[in-house]
Q: 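One structure, as structure tokens, below. Some questions next.
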2 protein chains.
Amino acid sequence: MSAVEDRRAALRETLIDAAERRVEADGLASIRARDLAKEAGCSVGAIYNIFDDLDALILAVNLRTFAKMGTEIRQAMAEAGDVPPAQRMIVMANAYLDYASAHPRRWRTLFDFKMSTESDVPEWYLKALGELFELIATPLRELFPEAEPERIDMLTRGLFSSVHGIVLLGVESRISGVPRARLEEMIAFIITAASDATLN
Amino acid sequence: MSAVEDRRAALRETLIDAAERRVEADGLASIRARDLAKEAGCSVGAIYNIFDDLDALILAVNLRTFAKMGTEIRQAMAEAGDVPPAQRMIVMANAYLDYASAHPRRWRTLFDFKMSTESDVPEWYLKALGELFELIATPLRELFPEAEPERIDMLTRGLFSSVHGIVLLGVESRISGVPRARLEEMIAFIITAASDATLN
DNA sequence: CCGACGATATGAACACAGTTCAAAGGAGAC
DNA sequence: GTCTCCTTTGAACTGTGTTCATATCGTCGG
């Protein structure tokens, strides 16, 4: 733990903080090496001493976003207390919607970010997504105790994707004006419909 | 219809053709003014005589994509013949999935394109989306003849968003390996569940 | 304390985008 | 033929991310 490492670790945090603020305020496009360096009080080159490139920095911001979103979702579920599985999924989905509409630019950045070479999706990204999926799989297993794991996985991804799609539509087109209540209705409808379905 | 106008119209087509080929082959990022000019056999400046900026050109490509996708979806529905409404929606959704997986980069470009100033979403964009929605609303009205228009609208957007989300997940993560059959299963499940649901 | 050397940080310079605009080119009128 | 006005051109400008020769710093032997 040399002084050098400390300094670098501190700068690393400072840079992520600055990038986070910028993403929150103005979105991914406002991340510029020179501005970031100025805001963090370092040289442009310093950024590249710490991160391979700006994408790596954005990935770091996204990691934080994932963590915060996960925390909020878990908290919402905890607050909801002991409710039936379908209801629990609705609470989760609404928490997801809440996060996305409270931090639209941050949330967009999660997905805007181009997985440049499609092969090298960082494994922590998949891990974070996996944890999110597990939150959905649990109530699904309660709802469909007979279903084999593959089936549960399919349902999990399908429901996540569906809710994600609805949130996407909602966040994109704040202007096109789908009111918040409608989005919650859609979510509740889809989840309820899925929960009430009989597996073939 | 002067010679100038003819020339410009021809170049316009040539440019959109070139951009289309590039999007199809390498995605949005491969649209570069200089390359495009070379491919179309014109100067860089000429592009700006015809389009306000490259975004306008990409929008023109997207318009074509919308049209082609619409055609394929309608065709799939025509081929399916006279089937019950839920089945019709499944055919439609699968045609959507087909298009997206056959032309992933083109399809991505539809959504990657940043509506720069979020207010000025071109009205034809909304119109094209509206037509797509109408295709969904029709079977929904058959399924739920009692539902008021607002309700139908909500269901339409919700289902479209859900299917879109599933397709998005599928196309994004060709690598993460959700097999095609699974995606079709998810789609069928969601649509069937929604169709069988009772509106509160 | 000094000096020297390897590690580290710096920011000017580079590569490469989109976009502009002064200048060249060309079509038509007389 | 030449004058005028519109069109077209591509070098130049702006603004990115990224690099790398150079300067600076920290450490340690003398």
Q: Which of the following nucleotides, D/dT18, C/dA9, D/dA11, is nearest to the side chain of A/Ala33?
A: D/dT18

Q: May I have the distance from A/Asp52 (atom CG) to D/dG17 (atom P), rounded to whole angstrom?
A: 16 Å

Q: Among C/dT8, C/dG11, D/dT7, which is the nearest nucleotide to the side chain of B/Arg7?
A: D/dT7

Q: Classify the angle between the aromatic ring planes of A/His103 and A/Tyr99 as parallel (below 30°), tilted (30 to 60°) or perpendicular (above 60°).
A: tilted

Q: Please compare A/Cys42 and B/Val44 by the position of their nearest nucleotide in DNA chain C and report the one closer to 5'.
A: A/Cys42

Q: Between atom CG in A/Leu15 and atom P in C/dT10, what is the gap in whole Å?
A: 11 Å

Q: Can you name the closest pair of heavy atoms from B/Val171 and B/Ser101 and give their distance?
A: CG2-N, 4.4 Å

Q: Which part of the nucleic acid, if any, lies within reach of A/Ile31 when heavy atoms closer than 4.0 Å are counted: base, sugar-phosphate only, or nothing?
A: sugar-phosphate

Q: Roughly, in whole Å, what's the span from NZ in A/Lys38 to C1' in C/dA9?
A: 19 Å

Q: State whether the distance check finds a donor on one side and an acceptor on the other, under 3.5 Å, for side chain A/Arg32 versus base D/dG15.
A: no

Q: Grab the OH-C1' distance between A/Tyr48 and D/dA21 for me, whole Å please.
A: 18 Å

Q: CG of B/Asn49 versus C1' of D/dT7: gap in Å, rounded?
A: 7 Å

Q: Could you state the atom-to-atom distance from CG of A/Leu54 to P of D/dG15 in whole Å?
A: 18 Å

Q: Could you state the atom-to-atom distance from CD1 of B/Ile50 to P of D/dT9 in whole Å?
A: 10 Å

Q: Out of C/dA17, D/dT8, D/dG10, which has the shortest distance to the side chain of B/Arg34?
A: C/dA17

Q: As an exercise, state the distance from CG of A/Asp26 to CG of A/Leu28, rounded to the nearest 0.5 Å.
A: 11.5 Å

Q: Going by salt bridge (charged side-chain N to carboxylate O under 4.0 Å, His left out), B/Glu24 matches just one of B/Lys68, B/Arg108, B/Arg105, B/Arg106. Which one?
A: B/Arg106

Q: State the CG-CD1 distance between B/Leu97 and B/Ile90, to the nearest 0.5 angstrom.
A: 12.5 Å

Q: From C-beta outward on A/Ser43, which listed nucleotide comes closest to its side chain: C/dT19, D/dT18, C/dG11?
A: C/dG11

Q: Return the value, rounded to whole Å, for the distance between atom CD1 of A/Ile47 and atom P of D/dT18.
A: 10 Å

